[in-house]
J.: 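Right, I'll just put the structure down here and ask away after.
Chain identifiers are assigned alphabetically (A, B, ...) following the order of the sequence lines, protein sequences preceding nucleic acid strands; residue numbering begins at 1 within each chain.
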Amino acid sequence: MNFKRNNDNINLDQLAGKLQKEDARYARLSRSLQIVYWIFIPLYTFLAISHYRESSEIKDLIGGLCYVIAFFIFAIFFGIYHKEYKYADYSLPTLKMLKNAAYRYQPVQLKSIWPLIAVLFMDAGLCLNESIGFSFLKVQIYFLGAMFCAVMIGLTIWYFKYKPLRDNALRLIAEIEGE
Amino acid sequence: MKKEEQFNQILSENSERIQRICRYYNSNAEDQKDMYQEVLVNIWKSLDNFRGDSAISTWVYRVAVNTSLSFTGKAFKQMKLMVNTDTQNLSSIIDDESLAEKQKEESQFNLLQTELNMLSVIDKALISLMLEGLSMKEIADVIGISEPNVKVKIHRIKAQLKTKLSGGVTHEF
């Protein structure tokens, strides 16, 4: 966030107003993302059931429900993630704040298991869905290949953008805890 | 109380305090204002988490010190601790009688300034809080370590500074 100053003095009313706007903008963005997920869930449930009624193939129903479960996990995960990472808490004791930062910027966290499970459900959904006309092997090559590329891009961004922040935080933690 | 009212109240009571912390870390007036503004932004962002467990002044010092550690406008290595000869608690760093007298001399002060700037980021944070007149317990609350640990660290910094200022001769105190 960057706010312009009024000559030499900071206009507090203006600053507070802009901060409130920023809060509202963030809340809107977070809500919009949630709405998208919660629209997809009933939509895919409806599609899975109607597809099953047409084909009477249990695989279609299970495949569709796999998508629904994946969207459900994403919706819950991102809801928690947004709440947790809305703002860094600068009012914590310095050592705690640095430890939180080091955890936040580590590339793989225990909770990453949830999006991984969601991805596996999507993969299963694609495999069971015969309407796309891909064999099991082809699905694995395309879908998991795309996922692998996404993870590689994510790790590259992390290496250049977040690893230096994490290294700094770890260095400061070692300095505070040393003696 | 509304968030905006609480924010304004904290600022009206702690504005001077925040400005002093910003002056410790920035010699340039523009940088001081930038950091001051960043501290205000972080106070706003952290305000929802204020539970009243600690004194509001300690809470404000935490936000200010934590902002100084992550102040985006400056690289850690360039971060300097600026003190003035009229800084209220300056004598608490050099509490040796003879050195305290010498410290009044300009050359001694310049040396002290140089040595302070060579301290690590955390040591600078500890010294800035000490210069603010915070007790060891309050400093421990801000940094998040134990009070004895703060005492040990500050003792070590003082000893290190005294050694440097007395030309390399170690003084036990």
J.: Which value, rounded to the nearest 0.5 Å, describes the distance between B/Arg62 atom CZ and A/Thr94 atom OG1?
T.: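 So the gap between those two atoms works out to 8.0 Å.
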J.: In this structure, are over 12 heavy atoms from other groups packed under 6.0 Å from A/Trp158 atom CH2?
T.: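 Result for CH2/A/Trp158: enclosed.
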J.: If you take all heavy atoms of A/Glu175 and B/Lys153, which pair is closest and at what distance?
T.: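 Result for this residue pair: O-NZ, 3.1 Å.
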J.: Tell me which one of B/Val121, B/Ile122, B/Leu126 satisfies side-chain contact (heavy atoms from CB on, under 4.5 Å) with A/Ile176.
T.: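 Going through B/Val121, B/Ile122, B/Leu126 one by one, the side-chain contact (heavy atoms from CB on, under 4.5 Å) with A/Ile176 is satisfied by B/Ile122 alone.
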J.: Compare every heavy atom of A/Ser91 with every heavy atom of B/Ser46, then report the nearest pair and how far apart it is.
T.: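 Minimum heavy-atom contact is OG-N, 3.7 Å.
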J.: Does CZ belonging to A/Phe121 count more than 12 external heavy atoms closer than 6.0 Å?
T.: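 Not buried by this count: 12 neighbours or fewer within 6.0 Å.
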J.: Under 4.5 Å from any heavy atom of chain A, what part of B/Ile145 do you find: side chain, backbone, both or neither?
T.: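 For B/Ile145, the contact with chain A is made by the side chain alone.
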J.: Does any backbone or side-chain atom of A/Leu165 lie under 4.5 Å from a heavy atom of chain B? Answer side chain, backbone, both or neither.
T.: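 Looking at A/Leu165, nothing touches chain B.
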J.: Can you confirm whether A/Phe40 is buried at CZ, in the sense that more than 12 heavy atoms of other residues, nucleotides or ligands lie under 6.0 Å from that atom?
T.: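 12 or below, so no.
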J.: Is there a path of hydrophobic side-chain contacts, each under 4.5 Å between heavy atoms of I/L/V/M/F/W/Y residues, joining A/Ile69 to A/Ile62?
T.: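 The answer is no; the residues belong to distinct hydrophobic clusters.
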J.: Would you kindly confirm whether A/Leu116 and A/Phe72 end up in one hydrophobic cluster when ILVMFWY residues are joined by side chain heavy atoms under 4.5 Å apart?
T.: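 No, it is not one cluster - the side chains of A/Leu116 and A/Phe72 are not joined through contacts under 4.5 Å.
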J.: Let me know which of B/Asn49, B/Val39, B/Asn42, B/Val41 forms a side-chain contact (heavy atoms from CB on, under 4.5 Å) with A/Tyr90.
T.: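 Only match with A/Tyr90 under side-chain contact (heavy atoms from CB on, under 4.5 Å): B/Asn42.
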J.: Would you indicate whether A/Tyr162, at its atom OH, is surrounded by more than 12 heavy atoms from other residues, nucleotides or ligands within a distance under 6.0 Å?
T.: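 No, OH of A/Tyr162 has 12 or fewer neighbouring heavy atoms, counting only those of other groups under 6.0 Å.
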